[in-house]
Amino acid sequence: MPYKIGRKTKTKGWPILKNEKGRWMVIAHSKSRLKAAASIRARHAGKHNPQW
């Protein structure tokens, strides 16, 4: 999967990373690790199901 959760930072929380052309780029931040994982699942499902 082209997404992963990065290390927690003091100010912004958990970064959501996306692999684009071999480089991991931060695309969003989340307050909790569970919310970050849910966001990744939603992004992945939305990519494969355009009606969702």
| query | Can you name the side chain to side chain contact (heavy atoms under 4.5 Å, CB included) partners of A37, sequence neighbours left out? | reply | I5, R41

| field | Heavy-atom pair of closest approach, residues I40 and K4 | value | CD1-C, 3.8 Å

| query | In the single-linkage hydrophobic clustering (I, L, V, M, F, W, Y; side-chain heavy atoms under 4.5 Å), do L17 and M25 co-cluster? | reply | no

Considering only distance and modelled atom types, tabulate donor-acceptor pairs under 3.5 Å from the side chains of residues 6-16, sequence neighbours left out.
{"from": "T9", "atom 1": "OG1", "to": "K12", "atom 2": "N", "distance (Å)": "3.2"}
{"from": "T9", "atom 1": "OG1", "to": "G13", "atom 2": "N", "distance (Å)": "3.3"}
{"from": "T9", "atom 1": "OG1", "to": "G13", "atom 2": "O", "distance (Å)": "3.2"}

| remark: Closest non-hydrogen atoms of Y3 and I27, given as atom of the first, atom of the second and distance, are CE2-CD1, 3.6 Å

| field | Listed partners of K35 passing side chain to side chain contact (heavy atoms under 4.5 Å, CB included), at least two apart | value | S30, S32

